[in-house]
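Beneath this line is the structure, given in structure tokens, with notes to follow.
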Amino acid sequence: MSDATEDAMTRTARELLKTIAAELAPDPRANPLVPLIASGEADREVLATLALEQMRVIPADRRAFLQLALRSSAEPEADAYFTALAEGEAIAQRRLPAFAAACGADEARASAYTPLPGCQAYPAYVAWLALNAAPADAVLAVTANFSAWGGYCATIAGALRTHYGFTDGACAFFDFFAEPAPDLDRAAENAVQAALDTGRLDETRARSYGRLLQSYEALFWRTLQRPA
């Protein structure tokens, strides 16, 4: 048995998730907008655009996660993880209208809004993963990406209250993603561990998927700061 094979057998999912999350942690300079929101310097119109874009992102991601769950019928741990993600997106979707209303993004404006390509590249790629990626590889890539997203949401939630006077209800969308999710973390670990144990995980592909997700995440925020 080779050393590489022995390493794969002894490594735990928790260690691997931690390692890849660190590898894929975004450069602080990759997101120019969240620091502006944090300091209260971002224009409220930018916040409205953020709400309008999320109105497209959240339902798209929910459907993508449901598709990944469907494709995970032979991998119950991955099925459970993606089902939990889809349920979380449904909760977030119910909380989003209060944020949108606080930004002045009402239903009429949402109906007339044309999404920005740079913002919608992220959910488009998540949809690509739902159709093309092995579920185990997608688990690893998506989980690594979420660590950065949760931090952004925590920062935004605090800034909306401090600098923009938003109510708790208007901040609930970001609060949801900022909250620790130990059950979801365990579901991710279970899915990755099962993939490791059965040899279903392709770490090279998972890393490449994760890097692209992080790139599209950064593009989302850069586009919001300087919309075309």
Side-chain angles (χ1 to χ4, degrees), residues 1-26 57-58 60-93 122-123 125-155 157 174-217:
M1 184 180 294
S2 69
D3 291 342
T5 302
E6 289 180 353
D7 288 344
M9 291 179 64
T10 58
R11 180 170 35 194
T12 68
R14 181 174 298 181
E15 292 168 345
L16 182 57
L17 285 163
K18 183 177 180 180
T19 296
I20 292 189
E23 288 178 6
L24 300 180
V57 173
I58 296 298
D61 283 356
R62 178 177 176 273
R63 287 190 289 270
F65 294 144
L66 287 173
Q67 176 65 18
L68 279 162
L70 183 65
R71 292 181 55 225
S72 303
S73 58
E75 303 173 52
E77 295 85 1
D79 183 349
Y81 174 71
F82 287 119
T83 298
L85 284 183
E87 290 170 351
E89 297 295 322
I91 294 171
Q93 190 170 356
Y122 178 94
Y125 186 63
V126 174
W128 185 94
L129 291 176
L131 295 174
N132 296 282
D137 300 342
V139 170
L140 197 58
V142 168
T143 304
N145 175 252
F146 277 173
S147 61
W149 167 245
Y152 295 152
C153 287
T155 299
F174 297 101
D175 289 337
F176 172 72
F177 288 113
E179 293 169 355
D183 291 343
L184 188 61
D185 291 342
R186 281 191 292 271
E189 288 180 19
N190 291 340
V192 173
Q193 192 64 58
L196 285 171
D197 294 343
T198 57
R200 285 175 165 164
L201 186 66
D202 187 323
E203 291 182 36
T204 299
R205 277 203 301 252
R207 280 180 163 87
S208 71
Y209 297 156
R211 289 190 186 95
L212 278 170
L213 275 176
Q214 293 290 50
S215 295
Y216 289 131
E217 173 92 30

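Computed from a predicted structure; not experimentally measured.
The shortest distance between side-chain heavy atoms of Leu68 and Leu85 does not fall below 4.5 Å. Looking at heavy atoms from C-beta onward, Phe82 lies in side-chain contact with Val139 at the 4.5 angstrom threshold. Using a 4.5 Å heavy-atom threshold, the side chains of Leu212 and Trp128 count as separate. A 4.5 Å side-chain heavy-atom check between Thr19 and Glu23 finds at least one atom pair inside the cut-off. Within the 4.5 Å cutoff, the side chain of Tyr216 has no heavy atoms near those of the Val126 side chain. Under the 4.5 Å side-chain criterion, counting only non-hydrogen atoms from C-beta, Tyr125 is in contact with Tyr209. In this structure the side chain of Arg63 never reaches within 4.5 angstrom of the side chain of Gln67, judged on heavy atoms.
For the pair Gln193 (side chain) and Ala13 (backbone), a donor-acceptor distance under 3.5 Å is present. For the pair Gln214 (side chain) and Leu24 (backbone), a donor-acceptor distance under 3.5 Å is present. A donor-acceptor pair under 3.5 Å is absent between the side-chain atoms of Asp79 and the main chain of Glu75, judged by distance alone. When atom types are taken as modelled, the side chain of Arg71 and the backbone of Ala130 share a donor-acceptor pair closer than 3.5 angstrom. Looking at Ser208, its side chain does come within 3.5 Å of a backbone N or O of Arg205 through a donor-acceptor pair.
Closest heavy-atom contact between Pro135 and Ser72: CB-OG, 3.3 Å. Of all heavy-atom pairs spanning Ala144 and Ile20, the tightest one is CB-CG2, 3.9 Å. Gly88 and Phe176 get closest at one heavy-atom pair: O-CE2, 3.3 Å. What you find for Ala21 and Ser147 is that their closest heavy atoms are CB-OG, 4.2 Å. When all heavy atoms are compared, the tightest approach of Leu184 to Ala84 is CD1-CB, 3.9 Å. Scanning all heavy atoms of the two residues, the minimum distance from Ala90 to Arg62 falls at CB-NE, 3.7 Å.
Rounding to the nearest 0.5 Å places OG1 of Thr83 at 9.5 Å from CG of Leu70. How far CD of Glu77 is from CD of Glu189: 13.0 Å, rounded to the nearest 0.5 Å.
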> Could you walk me through whether Tyr81 and Thr143 pass the side chain to side chain donor-acceptor pair (under 3.5 Å) check?
Replying inline: CA-CA 10 Å; Tyr81 174 71; Thr143 304; 2.7 Å; yes
> Can Val57 and Glu89 be said to form a side chain to side chain contact (heavy atoms under 4.5 Å, CB included), step by step?
Replying inline: CA-CA 10 Å; Val57 173; Glu89 297 295 322; over 6 Å; no
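The aromatic rings of Phe65 and Phe146 sit perpendicular to each other, their planes meeting at more than 60°, with 30° as the lower class boundary.
Considering Asp137, Leu201, Thr12, Asp197 as possible partners of Val192, the one that fulfils the side chain to side chain contact (heavy atoms under 4.5 Å, CB included) test is Leu201.
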